[in-house]
Amino acid sequence: MLFVELRFLPFFAVVLAVHWALRGHSARKLWLLAASYVFYGAWDARFLGLIVASTVLDGFVGARIHAARGRRHTQRLWLLLSLAGNLGVLGFYKYWDFFAESAAHFSAQLGLPIALPVLNLILPVGISFYTFQTLSYSLDIYRGELAPARSPLDLALFVAFFPQLVAGPIVLAREFLPQLYEDRRFARDVHVRRALVLFFFGFVKKSCVADQVAPLADAVFAAPGGVSTADAWVGLLAFVVQIYGDFSGYSDMAIACALLLGYRLPQNFAHPYLSRSVGEFWTRWHITLGRWFRDYLYIPLGGNRGSALRTRANLMLTMAVSGLWHGANWTMVVWGLFHGLFLVLERSPVLGWITRLPAALGAVYATGVWALSMAWFRATDAGAALALSGRALWPHATESGGATAPAWAWPVLLGLAVAHVGLHRSRFVERWERLPATAFAFTYGAAVALALPWISTRPAPYLYFAF
Amino acid sequence: MPPLSQIASVLLAALAGFTLANRAVVALRPWPSEVGLAAKVEHLRADAGAYDVYVIGSSATYYGLRPRTLERTLSERGHQVRVFNLGVGGMGSYEQVHLTRWLLARARPALVCYEEPRFDPLLWYPEIKNPRYVHWHDVRTTLAALRGLRFVKAPPPYKAEAYAATWHGDWKVAVALEHLTLCGMQITALGDGPRSVGRLFGLGAPLAPSPAQLAAEAGWVDIAAEPDAGALRQNERFRAEAQAWDSKVAEIRAQNEQRVDLAATFDLQALAELEALFAAHGVPVVWYATPRATGDPTLATLAEAGRLRPYLAYNRPDLAPELFEAAVRWDPNHLDASGAERFSERFGRDLAAVLDAARAGG
């Protein structure tokens, strides 16, 4: 079930109405858990078992780790069980074929061919997201920063809470469980206007922007070797717009739905395309994933506490793993390393000066790097990524069979950039929220009517559901 | 909880904002450009009153009835009229009703010739969510189409499997949901933004036929002049299977001999409403059937029952054999330019007789 699907509206209306009609706190949580399982089951009920298994495993392991306080070795063994269980399932479903194909390739290169079966498994939707959430639970208990959930129901709802179940934001147990311990009160916990505005903008970003520009990117990525330099940039920038609209739109809608239910989810995007550097970009893009890698990988590796060389190695490793999280493909690893390289260079005299550029130039640089990296992010193989990068970086004319961007592509992309900056600078969202109730309702109704004609009648699938 | 009055005022304000903006958006929406529709509407929007007689129907009318020939034939018989061909390729039953309503709201012609009132609510394009289908799904026409669904006995064969695979498995429910979806899209202008902005900035493909073509031939187009790929394929197939045409003609004759139970198969109320629409605008109507490659027992039964009056039946090889010669056809359902000339002359003569009779009858 998608937030932008028609069937989501009645589903959410029923969930919302029953949630607030119920009196008992536990009854509400039970209701939300049932709704979450229905929501996920609408995708593929077969994989509900994985979510339940992950919940049971971490519930058990979390309790054992907590019970073994003072016995670090025992705690470590229990944590290893959690890591093995969660990462084992994730690895099997997401990375088995990648591993088998890579092993076959490299072993053949070495003259010692190994043939591992390629299983063509279906990737359970959201597995990368909820696996990281459950891991955060065990890891935080291990680090002494969290007590086990007070009840299995709380833990199950933390793992399966449907607004963020399939594509984040990646919520940490320590920020969500306390909300589950306290009864939700509509007047205190629900900011209706903020939720409505967030949902509206999320919807617009996905259905009216991302889906509308998707064909521009599709055309270029379908035949990257034949496009002109200008059209290569149209394709890359269209994908930059698409992936932001798609993912941040989903996050906005997730946060809005949760807010209407009385729960707060963390911010996932903070206008990343206004960042002045790649380093800043990664503090504003998919914030909850960056936070996860920082807290559970980069810092445990030593972070920036060691030598400069060690810090750079930690950064590169973290970004490579981040790339692999996004997709089981070597192009994704290159994509991660590409960003890691810029993060390292920005900490050195080579590119350190760039962080002192005026804001506009910095944004052009950071977004340009991001756009170039999209060649690796989206391309199916290294050849296609190199071809598109080459067309973008060195002057080329359109070749026979190459896509040609329509005349409206550049004005539309520039218009979207202006709108992006304008909405941020004018603090439009905050102003809109503060209008008197009747004026807010009038403008909201008008905004919906103005947005509907821009909904794409050929919606593209959510990009991040593939992760 | 806020008081009910506050909730009501907020909801009303949202509805008012939605409605105002929606009306503005809908006003900007252009007509769909498919097969002559937008071009003809734009032409008539400028001066719908320039014509006395409209022939309105499908591609069989679009390519088959030449207004200049009709005018000449009528003129030779003492009727000085200006004729416009409002035929549109692929015109559906309810789209035709919708277009007629649009026309009568803007012009008061002396006569409308209306092709084959069938009231068939089945949607036959593979991709039904196209601007053209959305366009005619206003609430009134959608409700009429839903009512018409009662008289349909079976789904279109090529969609039956898809309908059976729906969660409810009921093809009538599936068709009804299709109509309701299109109606929702029509009301909200869903997905129409790019077309509307394209129109504002003069983007998109130029209208076809061109304004000059429309003015010169008053809406008629020679099917061989700029045939699309589909029309070319039909023509090639027809030429390749020319020997089968005689047996096809015999089949048409047989179909025309059959009769149906009108009350069970035809939405008589829809016909009465269409007649009432013409009557309300004081516009006389002549019903006609084109020389297409299928007989029509329903129209034959209606005509026999006196429900279509006056009715000019050109789907009958026994009455209009000259229109069923393979030499004057582009494909089974369309006449070429020479066939259009024949059809128009014949239609003009018959129409003159109808007008003479009407004049004589006062």
Side-chain angles (χ1 to χ4, degrees), chain A residues 1 4-7 9-10 17 20-21 42 185-188 190-193 196-197 199-200 203-204 207-209 211-216 406-412 415-416 432 435-460, chain B residues 1-3 5-30 32 125 127-135 166-167 177-178 180-205:
Chain A
M1 202 181 310
V4 293
E5 274 183 279
L6 199 58
R7 61 179 174 158
L9 286 179
W20 290 113
R185 279 189 252 147
F186 192 88
R188 184 196 65 193
V190 180
H191 194 314
V192 176
R193 280 187 229 170
L196 291 177
V197 169
F199 195 89
F200 174 77
F203 191 93
V204 167
S207 291
C208 304
V209 178
D211 287 353
Q212 290 285 8
V213 301
L216 288 176
W408 51 263
W410 279 110
V412 164
L416 288 169
W432 194 12
L435 284 177
T438 313
F440 174 82
F442 182 87
T443 50
Y444 197 84
V448 170
L450 293 174
L452 286 172
W454 294 98
I455 290 177
S456 171
T457 48
R458 297 177 190 280
Chain B
M1 283 285 283
S5 60
Q6 194 182 337
I7 293 174
S9 70
V10 162
L11 290 177
L12 276 175
L15 188 64
F18 180 89
T19 307
L20 275 176
N22 172 258
R23 290 298 89 195
V25 163
V26 168
L28 285 173
R29 178 172 54 189
Y125 268 163
E127 172 52 76
I128 60 150
K129 288 178 187 170
N130 62 73
R132 180 174 183 178
Y133 273 17
V134 171
H135 191 87
T166 54
W167 59 273
L177 287 174
E178 285 180 340
L180 290 170
T181 303
L182 294 170
C183 183
M185 292 174 74
Q186 202 274 352
I187 291 168
T188 57
L190 195 133
D192 279 331
R195 285 200 312 127
S196 301
V197 169
R199 180 199 179 199
L200 275 179
F201 290 99
L203 301 171

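For clarity, every value in this text was computed on a predicted model and none was experimentally measured. Note that these values count all heavy atoms, side chains included, but never hydrogens, waters or copies made by symmetry. To find a chain, count down the sequence lines: A is the first, B the second, and so on, and within it residues start at 1.
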Determine all donor-acceptor pairs shorter than 3.5 Å in which one atom belongs to a side chain in residues 443-450 of chain A; sequence neighbours excluded.
unit_1	atom_1	unit_2	atom_2	d
Thr443(A)	OG1	Trp432(A)	NE1	2.9
Thr443(A)	OG1	Ala439(A)	O	2.8
Thr443(A)	OG1	Phe440(A)	O	2.9
Tyr444(A)	OH	Leu196(A)	O	2.7

Fill in the blank from the handout: Highest number of heavy-atom pairs under 4.5 Å with chain A among Ala13(B), Ala21(B), Ala16(B), Gly198(B) belongs to Ala13(B)

Exercise for the section: Specify which of Ala441(A), Ala437(A), Ser207(A) makes the most heavy-atom pairs with chain B at under 4.5 Å. Expected result: Ala441(A)

Problem - Proximity breakdown for Val197(B) and chain A, heavy-atom pairs closer than 4.5 Å - result: side chain

Fill in the blank from the handout: Rounded to the nearest 0.5 Å, the CG atom of Leu11(B) sits from the OG1 atom of Thr438(A) at a distance of 10.5 Å

Handout entry: Region of Val25(B) in contact with chain A, defined by heavy-atom distances below 4.5 Å
Key = side chain

Problem - From CG (Leu190(B)) to CH2 (Trp454(A)), nearest 0.5 Å - result: 12.5 Å

Practice task
Under 4.5 Å, heavy atom to heavy atom: which of residues 180-189 of chain B reach chain A? Give them by number, or say none.
Solution key: Met185(B), Thr188(B), Ala189(B)

